[in-house]
2 protein chains.
Amino acid sequence: MTYVNTFTALADPTRRAVFEAVARQPQSVAELARDQPVSRPAVSQHLKVLVEAGLVKATPQGTRRIYTLDRTGLTSLRNYLDQFWTDTLGAYAAEVHRQSTKH
Amino acid sequence: MTYVNTFTALADPTRRAVFEAVARQPQSVAELARDQPVSRPAVSQHLKVLVEAGLVKATPQGTRRIYTLDRTGLTSLRNYLDQFWTDTLGAYAAEVHRQSTKH
DNA sequence: ACTTACGGTAAGTTATGACTTACGTTAATA
DNA sequence: TATTAACGTAAGTCATAACTTACCGTAAGT
């Protein structure tokens, strides 16, 4: 049920920008904050949410913390989406038929 | 760039519940509201957001409006996610190598 | 040991958005 | 045509969450 927080995590524009920046290139908090129009603590708070959502993870390196991409969040997200291409197909086709055969 | 609103649309719990209910079974607004702990106008507002995100679409049927699943939102969402399994792989592998070969 | 760089957290403010009730419109029914 | 059912929207309220500044701990360099 990680996808519950995953949508919320990627909903915010700046937080999604931080996520995409991490995906492009593992970086420290200060480096990430440099490219964003918000303060460093704001980026830190966004990263906390992204970690809880399983989208990024931190690897301490001295006083710095390099944030890298975490696939677990993306995987659960993909699994959630796949649901609507498989499970729902039956009910969907059934409804289409119900509508077309309506007197 | 539909995915920008798609995350926001699926972030809210009740709105995601409405979306899943529509995916399971195309329904009218009143029917959807019956299963939700919020009022009918609230469901109507949620549906508006879902329509704008390309996740559901309405087909008028008398005074009623039957909401059905729309794949366009899900497709753009899937395309966005696929980005992190392809484009990023190079930079990700490069960083892993950089970390492991660090003196 | 002192300083400096890095980053997480606390506290407070502000903006956003999820909800309510009230109302207007449209289509079917009597 | 009067009524009723279904739905969208406007207006207003309230909770949440995204930001700020200030502060603290930690690790490295001098």
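Note that the structure is a prediction, hence the values are computed from the model and not measured. By convention in this document, chain letters (A, B, ...) are assigned in the order of the sequence lines, proteins followed by strands, and residues within each chain are numbered from 1.
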Can you give me the N/O atom pairs linking the protein to nucleotides 1-8 of chain C at distances under 3.5 Å, or say none if there are none?
{"from": "dC6(C)", "atom 1": "O4'", "to": "Thr63(A)", "atom 2": "OG1", "distance (Å)": "3.4"}
{"from": "dG7(C)", "atom 1": "OP1", "to": "Val29(A)", "atom 2": "N", "distance (Å)": "3.2"}
{"from": "dG7(C)", "atom 1": "OP2", "to": "Ala30(A)", "atom 2": "N", "distance (Å)": "2.9"}
{"from": "dG7(C)", "atom 1": "N7", "to": "Arg40(A)", "atom 2": "NH1", "distance (Å)": "3.3"}
{"from": "dG7(C)", "atom 1": "N7", "to": "Arg40(A)", "atom 2": "NH2", "distance (Å)": "3.2"}
{"from": "dG8(C)", "atom 1": "OP1", "to": "Arg65(A)", "atom 2": "NH1", "distance (Å)": "2.9"}
{"from": "dG8(C)", "atom 1": "OP1", "to": "Tyr67(A)", "atom 2": "OH", "distance (Å)": "2.7"}
{"from": "dG8(C)", "atom 1": "OP2", "to": "Ser44(A)", "atom 2": "OG", "distance (Å)": "2.2"}
{"from": "dG8(C)", "atom 1": "N7", "to": "Arg40(A)", "atom 2": "NH1", "distance (Å)": "3.1"}
{"from": "dG8(C)", "atom 1": "O6", "to": "Arg40(A)", "atom 2": "NH2", "distance (Å)": "3.0"}

Exactly one of Val49(A), Asp70(A), Leu74(A) clears side chain to side chain contact (heavy atoms under 4.5 Å, CB included) with Phe19(A), and that residue is Leu74(A)
Keeping the roles fixed (side chain from Thr59(A), backbone from Ile66(A)), state whether a donor-acceptor pair exists under 3.5 Å.
yes
Assign each of Asp12(A) and Val43(B) the nucleotide of DNA chain D bearing its closest heavy atom; nearer the 5' end lies the nucleotide of Val43(B)
Rounded to whole Å, the CD-C1' distance (Gln45(B) to dA22(C)) equals 13 Å
In whole angstroms, the gap separating P of dT9(C) from NE2 of His46(A) amounts to 15 Å
In terms of relative ring orientation, are Phe7(B) and Phe7(A) parallel, tilted or perpendicular, with 30° and 60° separating the classes? tilted
dT9(D) -> Watson-Crick or G-U wobble partner, both distances under 3.5 Å, gives dA22(C)
Residues 30-44 of chain A side chain polar contacts: donor-acceptor under 3.5 Å, at least two apart:
{"from": "Glu31(A)", "atom 1": "OE1", "to": "Ser28(A)", "atom 2": "N", "distance (Å)": "3.0"}
{"from": "Glu31(A)", "atom 1": "OE1", "to": "Ser28(A)", "atom 2": "OG", "distance (Å)": "3.4"}
{"from": "Glu31(A)", "atom 1": "OE2", "to": "Arg64(A)", "atom 2": "NH2", "distance (Å)": "3.3"}
{"from": "Arg34(A)", "atom 1": "NE", "to": "Ala30(A)", "atom 2": "O", "distance (Å)": "3.4"}
{"from": "Ser39(A)", "atom 1": "OG", "to": "Ala42(A)", "atom 2": "N", "distance (Å)": "3.4"}

Could you walk me through whether Thr75(A) and Trp85(B) pass side-chain contact (heavy atoms from CB on, under 4.5 Å), step by step?
CA-CA 10 Å; Thr75(A) 310; Trp85(B) 264 274; 4.1 Å; yes
Practice problem: For side-chain contact (heavy atoms from CB on, under 4.5 Å), just list the numbers for Glu20(A) and Tyr80(B), CA-CA rounded to whole Å, side-chain angles, deciding distance to a tenth of an Å, and then say yes or no. | Solution: CA-CA 11 Å; Glu20(A) 293 171 2; Tyr80(B) 175 77; 2.7 Å; yes
Short side-chain N/O contact from Ser39(B) to OP1 or OP2 of dC19(C), under 4.0 Å:
no
Taking the side chain as every heavy atom from C-beta outward, state whether Leu10(A) and Leu77(A) have any atom pair closer than 4.5 Å. yes
Side-chain contact, heavy-atom cut-off 4.5 Å: Leu50(B) with Val22(B)?
-> no
5'-most to 3'-most nt of DNA chain D touching chain A (<4.0 Å, heavy-atom partner on protein side) reads dA18(D) to dA28(D)
